Amino acid sequence: MGSLLQRVVLASAVLSLTAGAGAEARDAAAPGKFYRVVDGKADARTYDGFRRYHAGCGRCHGPDGVGSTFAPSLVSRLPDIEAFRRAVLNGRADGGSVMKGFAGDPNFAPYVDEIYAYLQARADGSLGRGRPGRLQP
């Protein structure tokens with residue numbers, strides 16, 4: 001009988017550890033991701049990216065990064081982080097479309113990675129449209 005009790009205790013300990021590891025994995029940002037989203041709530045960096053994006057980028061790239069008649073969707077074709085930084089800071093000319101650079105703008109230049117985090121979460125489907133909830137620190 002003692003053996004059965006030991007197995008039950010061991011099994012519950014293993015299940016407990018496995019469940020805890022799963023929760024930690026969900027809370028941590030995945031490798032290569034700039035954002036962390038848990039149950040539809042964004043970390044501070046991603047939430048700040050949402051705010052910065054909608055303060056300026058959304059005027060041309062549309063609400064939530066879906067694109068407009070002026071500029072393409074950033075959700076359906078998000079470039080890698082280096083190309084994104086170059087385009088935002090230096091500007092971009094593509095045929096008849098021109099985007100000015102924001103390297104000298106203190107409201108955007110220091111926050112390029114935050115904006116990217118928000119757009120990456122949108123592109124991956126981790127965040128839906130609209131204002132995300134905020135994760136508590």
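For clarity, every value in this text was computed on a predicted model and none was experimentally measured. Any value given below was found using the heavy atoms of this structure, including those in side chains, with hydrogens, waters and symmetry copies removed.
Summarising the local packing, CZ of Arg134 is surrounded by 12 or fewer heavy atoms from other residues, nucleotides or ligands at distances under 6.0 Å.
Judged as a salt bridge (Lys or Arg N to Asp or Glu O under 4.0 Å), and not counting sequence neighbours, Asp43 has no contacts. Residues meeting the salt bridge (Lys or Arg N to Asp or Glu O under 4.0 Å) test with Arg131, sequence neighbours left out: none. Partners of Asp124 according to the salt bridge (Lys or Arg N to Asp or Glu O under 4.0 Å) rule, which considers only residues two or more places apart in sequence or in another chain, are Lys33. With sequence neighbours excluded, the residues forming a salt bridge (Lys or Arg N to Asp or Glu O under 4.0 Å) with Arg52 are Asp48, listed by chain and number. For Tyr53, the ring pair (Phe, Tyr, Trp, His ring centres under 6.0 Å) criterion is met by Tyr118, not counting sequence neighbours.
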Does the side-chain contact (heavy atoms from CB on, under 4.5 Å) test come out yes or no for Glu114 and Arg51, once each step is laid out?
-> CA-CA 9 Å; Glu114 284 81 354; Arg51 290 179 43 248; over 6 Å; no

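Using a 4.5 Å heavy-atom cutoff, the side chains of Lys41 and Gln136 are not in contact. Side-chain atoms of Leu78 and Tyr116, non-hydrogen and from C-beta on, do get closer than 4.5 Å to each other. Side-chain contact check for Asp113 versus Arg45: some heavy-atom pair is nearer than 4.5 Å. In this structure the side chain of Arg59 never reaches within 4.5 angstrom of the side chain of His54, judged on heavy atoms.
Rounding to the nearest 0.5 Å gives a distance of 9.5 Å between CG of Asp80 and CZ of Arg85.
In summary, of the residues considered (Phe84, Phe108, Tyr111), a ring-ring contact (aromatic ring centres under 6.0 Å, His included) with Phe102 occurs for Phe108 alone.
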Just distance, no hydrogens or angles: give the donor-acceptor pairs under 3.5 Å from side chains in residues 66-75, sequence neighbours left out.
unit_1: Ser68; atom_1: OG; unit_2: Cys60; atom_2: O; d: 2.3
unit_1: Ser68; atom_1: OG; unit_2: Phe70; atom_2: N; d: 3.0
unit_1: Ser68; atom_1: OG; unit_2: Ala71; atom_2: N; d: 3.3
unit_1: Ser73; atom_1: OG; unit_2: Gly65; atom_2: O; d: 3.2
unit_1: Ser73; atom_1: OG; unit_2: Val75; atom_2: N; d: 3.1
unit_1: Ser73; atom_1: OG; unit_2: Ser76; atom_2: N; d: 3.0
unit_1: Ser73; atom_1: OG; unit_2: Ser76; atom_2: OG; d: 3.2

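Judged by distance alone, the side chain of Gln120 and the main-chain N or O of Ile81 form no donor-acceptor pair under 3.5 Å. In this structure, Asp64 contributes its side chain and Gly130 its backbone to a donor-acceptor pair below 3.5 Å. Side-chain atoms of Tyr47 do not come within 3.5 Å of backbone N or O of Leu135 as any donor-acceptor pair.
For Ser126 against Tyr35, the heavy-atom pair with the smallest separation is OG-OH, 3.1 Å. Between Arg36 and Thr46, the shortest heavy-atom distance links the atoms N-OG1, 3.9 Å.
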